Asker: 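Below is the structure I would like to discuss, written out as C-alpha cells.
Only a predicted model underlies this, so the values are computations on that prediction, with no experimental measurement involved. Just so we're on the same page: letters track the sequence lines, and every chain starts at 1.
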Protein chains: 2
Amino acid sequence: MTMKSDKKNTSCQGRCPCMNYCPLGGALRLIGGKWKVPILCALNQDGTTRYNELKRKIKGITNTMLASSLKELEEDGLIYRKQYMEMPVRVEYALTDLCSDLMPILSQLAHWGIKVHRSE
Amino acid sequence: MTMKSDKKNTSCQGRCPCMNYCPLGGALRLIGGKWKVPILCALNQDGTTRYNELKRKIKGITNTMLASSLKELEEDGLIYRKQYMEMPVRVEYALTDLCSDLMPILSQLAHWGIKVHRSE
DNA sequence: TTACCTGCTAATAATTTTCTGCGTAATTGA
DNA sequence: TCAATTACGCAGAAAATTATTAGCAGGTAA
C-alpha cells in the first residue's frame with residue numbers, strides 16, 4: 001500500500017487523542033474532499049457497485065472526480081476494485097473490511113450532526 | 001445561531017446514514033479545514049484557553065486563520081467565547097457541551113486511523 | 001467499411017475555494 | 001509613547017474542483 005509519511009501533520013501537535021503522527025488528521029484526510037463520503041455511502045448502502053452505476057447515483061460528480069476519488073480510496077485501502085475481463089470491461093467496487101469498520105463511526109458522526117442541525 | 005440551509009448537500013443523495021440534508025456532510029463541514037481539529041483538540045486537552053495561548057500551542061497557525069476558525073466554531077456552536085472587560089482585553093475559549101459530545105467520536109475515528117496507518 | 005456507441009480512465013487547463021503573509025486597529029495602563 | 005491582547009482586511013499563493021478533450025477496446029447499426 002501507499003506511503004503517506006510525508007504528509008504534514010498539522011492536526012494535533014502532541015495533544016488530544018493524537019500523538020506525533022495524528023491518526024485523527026490522517027483519518028480525516030482519507031475521507032476528506034467533496035466526493036469520498038458520498039462514494040463510501042453509496043457502496044455501503046448498495047454493496048458492490050459498478051463505475052457507471054456509482055456515477056448515476058452520485059448526482060453531480062464528474063468522471064474526473066469519480067475516477068480519481070475511486071483511485072485514492074483504493075490506494076488507501078478503503079475500497080476494493082475488481083476488474084472483469086469481459087467486453088466491454090466491467091469494473092466493480094466494494095468497501096473493504098477496514099472501511100466497514102469505519103462506517104459505524106461515520107454513522108455516529110451523522111447522529112451527532114443531526115443534533116447540531118436541530119440546535120441551529 | 002447560524003443558518004446553513006443554503007449549503008450544498010453533496011454528501012449523501014438520499015442514501016446511507018443520511019437523508020436529504022445529510023448530517024454527516026454537515027458534521028464534516030463543521031470540523032473541516034486545516035485548523036479546526038487542532039483547535040478543538042487543544043481545547044479538549046487543556047480546557048478553557050485564551051487566544052494567545054491557543055496561538056502558541058497550535059504551531060504554524062496564523063492570526064487570520066485562528067481568528068476566523070474560532071469565529072466559525074463559535075457560530076456553529078462548538079465553542080464558547082467569553083470576553084472579560086479587563087485591560088488589555090482577555091478572551092477565553094472552551095468547548096460547548098455539544099462539542100464535548102463530539103470528542104469521543106473523534107477519538108474513535110483516531111483509533112480507526114491508527115489501524116489504517118499500521119496497515120499501510 | 002464507416003461511423004458511432006458503451007464503459008472506464010487520463011491529461012490538461014480553467015475556475016473556485018482555502019490558506020498565508022502582512023499590515024493595521026482599539027484599548028489603556030506603565 | 002510603547003507594549004500587550006485580540007482581532008480584521010486584503011492581496012496573492014496554493015490547493016481542490018470542474019470542464020473539456022481524448023484514448024482504448026470492442027460492439028452495433030447503416
Asker: Between B/Asp76 and B/Arg29, does any NZ, NE, NH1 or NH2 come within less than 4.0 Å of an OD or OE carboxylate oxygen?
Answerer: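 A salt bridge is absent here (no side-chain N lies under 4.0 Å from a carboxylate O).
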Asker: Return the 5'-most residue of the pair B/Thr64, B/Asn52 with respect to DNA chain D, ranking by each residue's nearest nucleotide.
Answerer: B/Asn52
Asker: Taking A/Lys55 first and then A/Glu53, would you say they form a salt bridge - that is, a charged N and a carboxylate O separated by under 4.0 Å?
Answerer: no
Asker: Check whether more than 12 heavy atoms from other residues, nucleotides or ligands sit under 6.0 Å from atom NZ of B/Lys71, and answer yes or no.
Answerer: no
Asker: Give the rounded distance in Å between these two atoms: CE of B/Met87 and P of C/dT27.
Answerer: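 Result: 7 Å.
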Asker: Starting from the 5' end of DNA chain D, give me the residue, A/Thr62 or B/Arg50, whose nearest nucleotide shows up first.
Answerer: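 So the residue in question is B/Arg50.
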Asker: Would you mind reading off the distance between B/Asn63 atom CG and C/dC19 atom P, rounded to a whole angstrom?
Answerer: 16 Å
Asker: Rounded to whole Å, please give me the gap between CG in B/Leu66 and P in D/dA7.
Answerer: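 Spelled out: CG on B/Leu66 to P on D/dA7 is 8 Å.
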Asker: Once you round it to whole Å, what is the distance between P of D/dT18 and CD1 of A/Ile58?
Answerer: 12 Å
Asker: Apply side chain to side chain contact (heavy atoms under 4.5 Å, CB included) to B/Ser68 and list each qualifying residue two or more places apart in sequence or on a separate chain.
Answerer: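 With sequence neighbours excluded, B/Ser68 shows a side chain to side chain contact (heavy atoms under 4.5 Å, CB included) to B/Met65, given in chain and number order.
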Asker: What is the distance from CE of B/Met85 to P of D/dT5, rounded to the nearest Å?
Answerer: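 Roughly 17 Å, once rounded to whole Å.
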Asker: Just N and O in the side chain of B/Trp35: are any of them under 4.0 Å from OP1 or OP2 of C/dT18?
Answerer: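 For B/Trp35, the contact criterion (side-chain N or O under 4.0 Å from OP1 or OP2 of C/dT18) is not met.
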Asker: Classify the side-chain pair A/Asp97/A/Tyr80 by whether it contains a donor and acceptor separated by less than 3.5 Å.
Answerer: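 Side-chain D/A pair, A/Asp97 to A/Tyr80: absent.
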Asker: Examine C/dT20: is either OP1 or OP2 under 4.0 Å from a nitrogen or oxygen in the side chain of B/Lys34? Give yes or no.
Answerer: yes
Asker: Have a look at A/Tyr93 and say if it touches a base, only the backbone sugar-phosphate, or nothing, with a 4.0 Å heavy-atom cut-off.
Answerer: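 The answer is sugar-phosphate, as A/Tyr93 gets under 4.0 Å only of primed atoms, P, OP1 or OP2.
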Asker: To the nearest Å, give me how far apart OH (B/Tyr51) and C1' (C/dT27) are.
Answerer: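 About 16 Å, once rounded to whole Å.
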Asker: When the distance from NZ of B/Lys55 to C1' of D/dA4 is rounded to whole Å, what number comes out?
Answerer: 13 Å
Asker: Expressed as a whole number of angstroms, how long is the span from A/Met65:CE to C/dT16:P?
Answerer: 16 Å
Asker: Ignoring backbone atoms, test whether B/Arg81 places a side-chain nitrogen or oxygen under 4.0 Å from the OP1 or OP2 oxygen of D/dA7.
Answerer: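 Checking D/dA7 against B/Arg81, a side-chain N or O does come within under 4.0 Å of OP1 or OP2.
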